[in-house]
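Worksheet: the structure to be examined is printed underneath.
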Amino acid sequence: MEDDIQTNNIQTDPKENKEEPPSTEKKREKKKKSKKRHKYAWLTWGITVFFMSFALTVLFSFLTEVAVKDSEAFVCVIVLIVLLILNIGCDILANAIMSCSPEAYHAMASGKIKGAKRAVTFCRNASKLSSIFADVIGDICGIVSGAAGAALAVHMAVSGTTESLIASIAVSAAIGALTVGGKALFKHFAVKFNKQIVFGFAKFTTFFKRER
């Protein structure tokens, strides 16, 4: 009799026969998938940056070559100035986003101020955006400006290899000094006025894509 009672108790134990609801299983599957994505996020981001850099370099190089090929010296100077401003501007944005906190825009976002939600998103993805602005766009501008600098050096050189060499060195030195000096000069302002810069840029992007 005792054996029969024990057998019945084992068979009717609700803890052992209880099955997990489908919602719990779905949650576990979602967690596994999110862990998998997080595990290989660095690889996905690296591949994305590689193709983005390749595409932007081709585009910038093409536009620069078209602009400076068989052009006057002032056209080369204008192209160089545009690339210089873009390079320094992207560095300012990168430093502002990296030094800014999303909490600064929470009150503005709750008040439904245009651009505030976008600013919060920028701050939460600071590392990726900083990499795009400072590393991708900034470095590409530095590389592509070499083509415009070479074209300007040709205009500056009157004749002979010595003049060409001096002109090329002078142009390269000027581009490097202006780029590095400009970044160093505006880095202080980027950190000091980071909230205004990030919010202004976020508000500007809403003209092209609405906030959700």
Side-chain angles (χ1 to χ4, degrees), residues 26-27 30-31 33-38 40-64 66-67 78-145 178-212:
K26 287 180 181 179
K27 286 179 181 178
K30 284 182 180 179
K31 283 183 180 179
K33 287 180 180 179
S34 63
K35 283 181 181 179
K36 249 185 182 179
R37 289 175 185 173
H38 182 71
Y40 297 103
W42 61 273
L43 182 61
T44 307
W45 175 242
I47 294 170
T48 305
V49 169
F50 172 80
F51 285 107
M52 187 189 301
S53 302
F54 181 81
L56 287 174
T57 305
V58 171
L59 178 63
F60 279 40
S61 299
F62 174 75
L63 293 175
T64 305
V66 170
I78 291 170
V79 172
L80 280 171
I81 291 171
V82 170
L83 290 171
L84 181 66
I85 292 171
L86 184 61
N87 196 347
I88 295 173
C90 288
D91 189 74
I92 291 170
L93 278 172
N95 284 295
I97 292 171
M98 282 296 292
S99 62
C100 196
S101 175
E103 284 78 12
Y105 305 103
H106 284 169
M108 297 170 70
S110 61
K112 295 182 179 180
I113 297 174
K114 189 177 181 181
K117 289 183 180 179
R118 187 69 53 80
V120 172
T121 305
F122 286 166
C123 292
R124 286 177 179 172
N125 296 278
S127 58
K128 289 184 178 180
L129 287 172
S130 176
S131 179
I132 291 171
F133 287 126
D135 299 330
V136 178
I137 300 177
D139 290 348
I140 288 171
C141 287
I143 294 167
V144 174
S145 61
L178 288 170
T179 303
V180 177
K183 288 181 179 182
L185 180 65
F186 287 101
K187 187 169 287 187
H188 170 74
F189 296 99
V191 176
K192 187 176 181 180
F193 302 102
N194 54 5
K195 294 177 184 178
Q196 293 88 338
I197 293 169
V198 174
F199 179 69
F201 180 69
K203 196 171 183 180
F204 173 73
T205 59
T206 57
F207 290 104
F208 304 97
K209 187 179 179 181
R210 290 183 179 179
E211 289 178 312
R212 292 180 180 179

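In what follows, every heavy atom counts, from backbone to side chain, and hydrogens, waters and symmetry copies are set aside.
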Nearest non-hydrogen partners of Cys141 and Phe60, listed with the distance: SG-CE2, 3.9 Å
Nearest atoms (heavy-atom pairs only) where Pro102 meets Val120: O-CG2, 3.9 Å
Exercise: identify the closest heavy-atom pair between Asn194 and Ala96: CB-O, 3.5 Å
Pairs touching residues 113-134 that satisfy ring-ring contact (aromatic ring centres under 6.0 Å, His included), sequence neighbours left out: Phe122-Phe201, Phe133-Phe201
Euclidean distance, Ser127 OG relative to Met98 CE, rounded to 0.5 Å: 6.5 Å
Exceeds 12 heavy-atom contacts within 6.0 angstrom, atom NZ of Lys183: yes
Enclosure of Lys128 NZ (heavy-atom neighbours >12, cutoff 6.0 Å): no
Donor-acceptor pair, side chain of Arg118 and main chain of Lys209, under 3.5 angstrom: yes
Spacing of Lys187 atom NZ and Ser99 atom OG [to the nearest 0.5 Å]: 11.0 Å
Distance (rounded to the nearest 0.5 Å) between Thr64 OG1 and Ile140 CD1: 11.0 Å
Heavy-atom side-chain contact between Cys90 and Ile137 under 4.5 Å: yes
Pair Asn87-Thr179, side-chain donor/acceptor within less than 3.5 Å: no
Val58 backbone acceptor or donor facing Ser61 side chain under 3.5 Å: no
Where Ala94 and Ala134 come nearest, the two heavy atoms and their spacing: CB-CB, 3.8 Å
Distance in Å, Ile85 CD1 paired with Leu178 CG, rounded so as to fall on 0.5 Å steps: 11.0 Å
Ala116 versus Ala109, closest heavy-atom pair with distance: CB-N, 3.5 Å
Short side-chain donor-acceptor distance under 3.5 Å, Asn95 and Asp91: yes
Under 3.5 Å: donor-acceptor pair, side chain of Tyr105, backbone of Thr121: no
Euclidean distance, Ile47 CD1 relative to Leu43 CG, rounded to 0.5 Å: 4.0 Å
Approximate separation, where rounding is to 0.5 Å, of Asp135 CG and Ser53 OG: 8.5 Å
Parallel, tilted or perpendicular: rings of Phe189 and Phe186 (30°, 60°): tilted
Shortest non-hydrogen contact from Ser145 toward Leu83: CA-CD1, 3.6 Å
